[in-house]
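Okay, so here's the structure we're looking at.
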Amino acid sequence: MANSKRFARLVVYHPSSAQAYAQWLLARGVASVVAVDREEDLWPACADAEAVACWDFPPELWPKMPALRWIQVLAAGVDHLVDQSELPAQVQICRAVGPFGEQMSEWALAEMLAQVRGLDRLRRQQSERIWQRFVPATLAGSVLGIAGMGAIGQAVATRARAFGMTVHGLSRGRTDHGADRSFRPEQWIEFAASCDWLLLLLPLTAETKGVVGPAVLAAMRPSAWLMNAGRGKLVDERALLAALDRHQIAGAILDVFGEEPLAPSNPLWTYPNVVVTPHLAAVSRVEDMADILYQNLCRDRDGLSLMHVVDRGRGY
Ligand code: NDP
Ligand code: OXD
């Protein structure tokens, strides 16, 4: 139950920015914050917390926090928390929504434009002082398939359309997300076959784990690129390596991986048609996350329902 007219007792747990969050909140009158940047300092600091803001958190502490009512995850994805059995069912998990769409769009468009405009080739030519003209391709007229037409997918769709792309969207149930053509999970094969670029912006859930496997990869056009900025485990990595070896797809642009950081021995580093970016497509900036956290603190103080509450049963 919310506490009328006082802010919840909050623990902000973050390895590098806990103090920055606390200062940001303090400047707005939230004094009930304890900032913790090391796991070993969490207990007993969190013992009477009513709210926690964090990325991850040691699950064994949840049952020892009887006053805990809600968690503000300082990120969009919550796959690391939703199914923790230690977390009591009545504790609400809120995620971050809003600031990621722009960043993700720029990541996706930058990477697609780099391919069609031949940026690597041009930089190489310049370094060798070679004047060699060629006809770059365009994004205009191509189909971007977005698996996961949520907050981020919709933002990418809007910006891709400004480049003349047609957007095909796949979602779980909703079809009102503004794609030019909408697909449901049972239409994965048809969806994959319809795209020039297949961008994964799905949450990782029991349903989406390994969803891009041999069948989806085989359905993709040999000229198509797979892009993953959702979660690494959406893709069956062995199947992807096999598809790359067989030239079943043109290449892959990957921001997320089954294991992060990507091990130096992972073969994905070595493919000329694989682009690896280190999970930075859309980062959590302190000012953005603190603002979302503050809005929820105010709503909680005022007895209003929290924003962006995750459906723990659904997994996102
Ligand atoms: P949302 O919850 O807003 O959107 C999720 C979308 O996925 C919805 O359209 C939903 O369908 C769809 N979906 C869920 N399950 C399925 C399924 N089984 N089959 C088909 N579609 C499904 O999430 P966001 O857009 O905010 O974020 C998406 C993900 O992006 C995050 O969970 C995170 O993993 C990742 N991310 C990565 C970042 C990075 O830097 N690489 C940064 C930020 C986020 P419906 O609309 O019907 O509910
Ligand atoms: C997120 C992420 O989920 O950065 O916000 O991956």
Side-chain angles (χ1 to χ4, degrees), residues 14 16-17 53-56 71-83 93-108 110-111 145-159 167-179 182-192 198-213 216 226-235 252-258 260-262 275-286 288-289 292-293 307-316:
H14 194 280
S16 56
S17 306
C54 63
W55 160 245
D56 59 4
I71 300 167
Q72 177 65 62
V73 180
L74 303 170
V78 291
D79 49 282
H80 56 300
L81 279 180
V82 270
D83 54 4
I93 302 176
C94 307
R95 65 188 200 95
V97 177
F100 300 110
E102 271 179 10
Q103 293 187 60
M104 187 64 79
S105 305
E106 292 187 9
W107 175 83
E111 293 297 347
I146 304 180
M149 283 293 284
I152 300 175
Q154 290 175 49
V156 177
T158 305
R159 289 159 179 82
V167 175
H168 290 183
L170 180 126
S171 58
R172 185 165 176 261
R174 289 182 44 203
T175 49
D176 60 345
H177 40 53
S182 295
F183 295 81
R184 304 288 288 273
E186 56 274 20
Q187 296 172 294
W188 251 107
I189 299 299
E190 203 185 334
F191 169 68
L198 172 44
L199 170 60
L200 306 180
L201 289 175
L202 292 163
L204 180 65
T205 66
E207 285 175 22
T208 61
K209 188 172 181 193
V211 74
V212 176
V216 167
L226 175 70
M227 303 177 77
N228 188 9
R231 283 290 179 263
K233 288 185 176 148
L234 299 171
V235 177
I253 300 169
L254 308 171
D255 185 57
V256 287
F257 302 87
E260 296 181 8
L262 187 64
V275 176
V276 170
T277 63
H279 200 146
L280 48 55
V283 300
S284 294
R285 297 177 295 219
V286 171
D288 294 334
M289 297 302 110
I292 292 169
L293 169 61
M307 300 186 306
H308 314 312
V309 177
V310 170
D311 179 336
R312 287 177 66 182
R314 199 177 61 163
Y316 68 101

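Counting begins at 1 with the first residue of the sequence. Keep in mind that this is a model prediction, so the values were computed, not measured. Just follow the structure's listing: the first ligand is 1, and inside any ligand the first atom is 1.
Assignment of His177 to the shell around ligand 1 is not supported, since no heavy atom sits closer than 4.0 Å. The shortest separation from a heavy atom of Arg95 to ligand 1 is under 4.0 Å, placing the residue in contact. Using a 4.0 Å cutoff on heavy atoms, Arg95 does not count as a contact of ligand 2.
For Asp255, a nitrogen or oxygen atom sits less than 3.5 Å from a nitrogen or oxygen atom of ligand 1, counting backbone and side chain alike. Checked against a 3.5 angstrom limit, the closest N/O atoms of Met149 and ligand 1 fall inside it. At least one N or O atom of Glu207, backbone or side chain, sits closer than 3.5 Å to an N or O atom of ligand 1. On a distance-only criterion, Thr205 and ligand 1 share no N/O pair closer than 3.5 Å. Considering backbone and side-chain N/O atoms, Ala282 comes within less than 3.5 Å of an N/O atom of ligand 1. Residue Ile152 places at least one N or O, backbone or side chain, under 3.5 Å from an N or O of ligand 1. When only interatomic distances are considered, the shortest N/O to N/O separation between Gly77 and ligand 2 falls below 3.5 Å. At under 3.5 Å, not a single nitrogen or oxygen of Thr208, backbone or side chain, sits near a nitrogen or oxygen of ligand 1. Considering backbone and side-chain atoms together, Ala229 places an N or O closer than 3.5 Å to an N or O of ligand 1.
Put simply, CD on Gln72 and CD1 on Ile292 are 6.5 Å apart, with the number rounded to the nearest 0.5 Å. To the nearest 0.5 Å, atom CE of residue Met227 and atom CD1 of residue Ile146 are 10.0 Å apart. Atom CZ of residue Arg174 and atom CE of residue Met149 lie 9.0 Å apart, to the nearest 0.5 angstrom. With values rounded to the nearest 0.5 angstrom, Leu170 atom CG is found 9.0 Å from Glu186 atom CD. Taken to the nearest 0.5 Å, the CZ atom of Phe191 stands 10.0 Å off from the OG atom of Ser182.
For the pair Ile253/Leu226, no side-chain contact is recorded, criterion being any heavy-atom separation below 4.5 Å from C-beta on. When side chains are defined from C-beta on, Gln103 does not count as touching Leu280, because their heavy atoms never get closer than 4.5 Å. Taking the side chain as every heavy atom from C-beta outward, Trp107 and Thr277 approach each other to under 4.5 Å. Put simply, the side chain of Arg231 does not reach to within 4.5 Å of the side chain of Leu202, judged on heavy atoms. Counting heavy atoms from C-beta on, the side chains of His80 and Val73 come closer than 4.5 Å.
Only the side chain of Val256 comes within 4.0 Å of ligand 1, judged by heavy-atom distances. Counting heavy atoms closer than 4.0 Å to ligand 1, residue Arg184 contributes nothing at all.
Interface of Pro185 with ligand 1, defined as ligand atoms under 4.0 Å from a residue heavy atom, comprises 19 (N), 20 (C). Close contacts of ligand 1 with Gly230, meaning ligand atoms under 4.0 Å from a residue heavy atom, involve 33 (C), 34 (O), 35 (C), 37 (C). Those atoms of ligand 1 that come under 4.0 Å of a heavy atom in Gly150, given as number and element, are 1 (P), 3 (O), 4 (O), 6 (C), 8 (C), 9 (O), 25 (O). If you number the atoms of ligand 1 from 1 as listed, the ones under 4.0 Å from a heavy atom of Ala76 come out as 43 (C), 44 (C). Using a 4.0 Å cut-off to heavy atoms of Leu170, the atoms of ligand 1 that qualify are 20 (C). Residue-ligand proximity, Ala75 to ligand 2, at heavy-atom distances under 4.0 Å covers atoms 1 (C), 3 (O), 5 (O). Taking a cut-off of under 4.0 Å to the non-hydrogen atoms of Ala282, the atoms of ligand 2 that pass are 4 (O). Heavy-atom contacts of Leu201 reach the following atoms of ligand 1: 28 (C), 29 (C) (cutoff under 4.0 Å). Interface atoms of ligand 1 facing His279, defined by a heavy-atom separation under 4.0 Å, are 39 (C), 40 (O), 41 (N). Taking every non-hydrogen atom of Gly173 and a distance limit under 4.0 Å, the qualifying atoms of ligand 1 come out as 47 (O). For ligand 2 and Arg231, the ligand atoms under 4.0 Å from any heavy atom of the residue are 1 (C), 2 (C), 3 (O), 6 (O).
Residues Glu207 and Arg172 are paired through a salt bridge, judged by an N-O separation under 4.0 Å between the basic side chain and the carboxylate.
Side-chain atoms of Glu111 never come within 3.5 Å of backbone atoms of Ala108 as a donor-acceptor pair (strictly under, hydrogens ignored). No donor-acceptor distance shorter than 3.5 angstrom exists from the side chain of Thr205 to the backbone of Gly315, with no hydrogens or angles considered. For Arg95 (side chain) and Val78 (main-chain N/O), no donor-acceptor pair under 3.5 Å exists by modelled atom type. Looking only at distances, no side-chain donor or acceptor of Gln154 sits under 3.5 Å from a matching main-chain atom of Ala151.
Ranking the protein heavy atoms by distance from atom 33 (C) of ligand 1 puts Arg231 NH1, 3.7 Å first. Closest to atom 45 (P) of ligand 1 among all protein heavy atoms lies Tyr316 OH, 3.6 Å. Scanning the protein for heavy atoms near atom 16 (C) of ligand 1, the closest one is Arg172 CB, 3.6 Å. His279 NE2, 3.5 Å is the protein heavy atom nearest to atom 2 (C) of ligand 2. In terms of protein heavy-atom proximity, atom 5 (O) of ligand 2 is closest to Ala76 N, 2.7 Å.
A side-chain contact (heavy atoms from CB on, under 4.5 Å) with Thr208 is found for exactly one of Leu200, Asp79, Leu234, namely Leu234. In summary, of the residues considered (Ile152, Asp255, Leu199), a side-chain contact (heavy atoms from CB on, under 4.5 Å) with Met104 occurs for Ile152 alone.
Residues Phe183 and His168 place their aromatic rings such that the two centres sit under 6.0 Å apart.
Here atom 22 (C) of ligand 1 lies nearest to Leu202 when heavy atoms of Leu234, Val211, Leu202 are compared. Considering each of Gly77, Pro203, Ala151, the one bringing a non-hydrogen atom nearest atom 5 (C) of ligand 1 is Pro203.
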